Amino acid sequence: MSDSNTSVKNIEQGAKRVTAGKIVNIVTIIALFLVLIFCYYGMFSSGLAMGSARAVGVIDAGNFYGASFGDMITIEKVSDIKTIEIGDVVVYHLNGEVGSVKVSLVDYDKKIIYSKEDNVQRTLAFELILGKQKAQVPVLGAIIGFFVSPAGVTVLSAVLLAYLYFLTFSRINKEETEKGKQLAKQLKAEKEENKIRRRLLENFRRTEGFSAEDSNIIDGSMGDNLIELVSYTSNGAQKSVTDTYSYILEKVHRTYMTKQRLSKRERTRVSNVIEMFPIVEKVDDGMAFRLVDLILHEQVLEFDVVGFEKLCLKFFSKNITKQDLSNFGSVLYVLIQKNKKMKISSILRIVGAYCDKVKSMNIEKDSEAFEIAEKLKDVYLDKRRQK
């Protein structure tokens with residue numbers, strides 16, 4: 001009787017140990033997954049963001065003003081450029097890199113922020129600003145900076161994968177049953193999922209932060225790109241075609257303007273954005289600034305001049321303001337001057353249509369739009385002589 005009771009107790013204790021072990025394993029896996037999700041979120045959102053609060057860790061102190069390695073910097077979000085003043089330290093996000101600079105000048109009209117440190121001047125669009133740099137907490141930033149970096153995510157993924165391998169192989173080695181075979185299948189499925197996850201992350205890095213929808217707007221022919229742009233707007237992502245174009249232009253400008261040289265694919269993307277710009281209903285100062293920036297950066301590649309001409313003529317038929325016309329003319333003039341080999345017949349018709357629009361709107365002779373029209377007339381005559 002005594003032996004029987006002892007056996008029962010041993011079985012019960014063994015069952016409790018197995019149950020407790022399973023609970024520990026489940027909790028550990030869930031905890032690792034949650035931390036991994038937290039790290040991915042931090043990596044793709046430029047630090048840790050909770051509501052309006054945000055914090056980043058300083059790994060490369062050279063990118064931050066007045067900060068040391070290992071500092072955690074808290075950020076105060078700013079929704080209006082008018083709240084930024086000279087002397088403020090602002091945190092920016094550019095090409096996947098976070099840093100901060102001290103503001104030396106603010107152009108509130110163009111929404112541009114300037115910084116000059118050690119005789120090096122930087123120009124940042126307001127859209128790149130995450131907020132104002134506030135409190136600094138030592139040491140904690142090194143931990144945060146590591147875990148929200150690609151290296152931290154890779155290490156944590158490896159730990160999680162190793163732990164899953166350990167659990168799976170320990171079960172397989174203990175029993176050669178149907179249960180073991182099932183675990184082997186699960187292991188194979190997990191390997192495939194991990195490959196897919198790594199592939200997705202690599203694709204995201206290669207696209208430099210552009211989503212699949214963004215890429216569809218700038219990677220095809222002009223006709224296809226315009227269809228994707230209108231479709232993107234129709235799906236409710238933006239209020240109007242102008243808003244959608246402004247959104248994709250800002251993203252291209254932010255991604256490629258800091259690169260000294262662009263690859264063929266990058267030049268094609270930039271050219272595709274430029275050739276679509278007459279699709280908009282208005283051309284504000286910020287849009288003109290970014291377009292001129294991109295045009296001056298490098299010559300356009302595989303530019304659809306005929307399609308561009310059609311869009312220009314359609315734009316001139318719209319009810320536009322004198323400022324829209326002035327900004328449009330500035331972009332057009334720089335585009336023609338920078339790219340001498342574009343189809344002359346199309347350029348002549350575009351320039352002629354612009355001058356006709358200036359004349360029909362009775363633009364004053366001392367206005368910027370009129371001056372641009374006069375410059376474009378010189379271009380017109382020069383092109384006629386070439387033809």
Side-chain angles (χ1 to χ4, degrees), residues 44-46 93-96 111 125-128 199-259 262-315 318 324 327-328 331-332 334-335 338-339 342 346 350:
F44 291 128
S45 61
S46 306
H93 180 205
L94 180 63
N95 291 336
K111 293 187 176 182
F126 177 64
E127 292 80 6
L128 304 177
R199 195 180 306 122
L200 288 173
L201 179 59
E202 186 60 32
N203 287 339
F204 185 86
R205 287 174 182 159
R206 276 203 300 268
T207 58
E208 298 174 296
F210 288 95
S211 67
E213 291 80 6
D214 297 339
S215 298
N216 287 339
I217 299 175
I218 54 177
D219 278 343
S221 65
M222 185 180 191
D224 291 338
N225 292 342
L226 289 172
I227 291 172
E228 292 293 340
L229 187 145
V230 173
S231 175
Y232 187 90
T233 307
S234 301
N235 291 335
Q238 297 288 340
K239 293 181 181 179
S240 66
V241 168
T242 301
D243 288 340
T244 301
Y245 179 79
S246 182
Y247 156 77
I248 201 69
L249 172 63
E250 288 172 7
K251 206 158 191 179
V252 169
H253 183 272
R254 181 171 65 242
T255 303
Y256 296 133
M257 272 308 298
T258 55
K259 294 189 174 184
L262 301 181
S263 66
K264 181 178 179 181
R265 181 169 182 262
E266 290 167 344
R267 286 180 62 193
T268 301
R269 280 184 158 189
V270 170
S271 300
N272 289 347
V273 168
I274 295 170
E275 71 186 12
M276 286 193 294
F277 101 85
I279 192 68
V280 300
E281 297 295 325
K282 60 180 182 178
V283 184
D284 60 32
D285 292 344
M287 187 182 295
F289 171 82
R290 292 180 184 86
L291 282 165
V292 170
D293 251 5
L294 290 170
I295 293 168
L296 292 175
H297 194 38
E298 280 201 50
Q299 289 188 333
V300 294
L301 185 67
E302 299 176 2
F303 192 85
D304 188 344
V305 185
V306 176
F308 179 72
E309 176 195 344
K310 292 178 181 177
L311 289 181
C312 287
L313 298 180
K314 187 175 181 180
F315 178 83
K318 297 174 183 177
D324 292 330
N327 287 334
F328 189 100
V331 176
L332 180 61
V334 175
L335 177 65
K338 178 70 175 180
N339 300 274
M342 289 198 296
S346 291
I350 295 170

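Quick caveat, the model's predicted, so the values are computed rather than measured.
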- Query: Please walk me through it: do Ile295 and Val331 pass side-chain contact (heavy atoms from CB on, under 4.5 Å)?
  - Reply: CA-CA 8 Å; Ile295 293 168; Val331 176; 3.8 Å; yes
- Item | side-chain contact (heavy atoms from CB on, under 4.5 Å) assessment of Leu128 paired with Arg254 | CA-CA 8 Å; Leu128 304 177; Arg254 181 171 65 242; 2.5 Å; yes
- Audit row: Asn327, Asp284, side-chain hydrogen bond (donor to acceptor under 3.5 Å, both in side chains) steps and yes/no: CA-CA 7 Å; Asn327 287 334; Asp284 60 32; over 6 Å; no
- Item | Pair Asp214-Tyr247, side-chain hydrogen bond (donor to acceptor under 3.5 Å, both in side chains): steps then yes or no | CA-CA 9 Å; Asp214 297 339; Tyr247 156 77; 2.9 Å; yes
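In this structure, Lys264 and Glu302 have side chains that are in contact, with non-hydrogen atoms separated by less than 4.5 Å. At a threshold of 4.5 Å between non-hydrogen side-chain atoms, the residues Val252 and Arg269 do not count as touching. With contacts defined as side-chain heavy-atom distances shorter than 4.5 Å, the pair His297/Val270 does not qualify. Looking at heavy atoms from C-beta onward, Leu294 lies in side-chain contact with Met257 at the 4.5 angstrom threshold.
Each of Thr244, Asn216, Ile227 was checked for a side-chain contact (heavy atoms from CB on, under 4.5 Å) with Tyr232, and the lone residue meeting it is Thr244.
Contact record, Ser271 with Leu301: OG-N, 2.6 Å, taken as the closest heavy-atom pair. Between Ile274 and Leu335 the shortest heavy-atom distance is CG2-CD1, 4.2 Å. For the pair Asn272 and Ile218, the tightest heavy-atom approach, listed with the atom from each and the gap, is ND2-O, 2.8 Å. Looking at every heavy atom in both residues, Pro278 comes nearest to Lys318 through O-NZ, 3.9 Å.
A distance-only check finds no donor-acceptor pair linking the side chain of Asp324 to the backbone of Lys282 [under 3.5 Å]. Under a 3.5 Å cut-off, the side chain of Glu275 and the backbone N or O of Asp304 do form a donor-acceptor pair. The closest donor-acceptor contact from the side chain of Gln299 to the backbone of Lys338 lies under 3.5 Å.
For Thr242, the side chain to side chain donor-acceptor pair (under 3.5 Å) criterion is met by no residue, not counting sequence neighbours. Ser240 meets the side chain to side chain donor-acceptor pair (under 3.5 Å) test with Asp243; sequence neighbours excluded. Under the ring pair (Phe, Tyr, Trp, His ring centres under 6.0 Å) criterion, Tyr245 pairs with no residue at all, not counting sequence neighbours.
For the atom pair CG (Asp224) and CE (Met222), the distance works out to 11.5 Å, reported to the nearest 0.5 Å. To the nearest 0.5 Å, atom OG of residue Ser215 and atom CD of residue Glu228 are 10.5 Å apart. Interatomic distance, OG of Ser221 versus CG of Leu226, reported as 8.5 Å (0.5 Å rounding). Distance check: Tyr256 OH to Arg267 CZ gives 13.5 Å after rounding to the nearest 0.5 Å. With rounding to the nearest 0.5 Å, the separation of NZ in Lys251 from CG in Leu249 is 13.0 Å. With rounding to the nearest 0.5 angstrom, the CD1 atom of Ile248 is 4.5 Å from the CD1 atom of Ile217.
Of the charged side-chain nitrogens involved, at least one lies within less than 4.0 Å of a carboxylate oxygen, so that Lys259 and Glu266 count as a salt-bridged pair. Salt-bridge formation is detected for the pair Asp219/Arg265: a Lys NZ or Arg NE/NH1/NH2 atom is positioned less than 4.0 Å from an Asp or Glu carboxylate oxygen. A salt bridge does not link Glu250 with Lys111: every distance from a Lys NZ or Arg NE/NH1/NH2 to an Asp or Glu carboxylate oxygen is 4.0 Å or more.
Not less than 6.0 angstrom separates the ring centroid of Phe277 from the ring centroid of Phe315.
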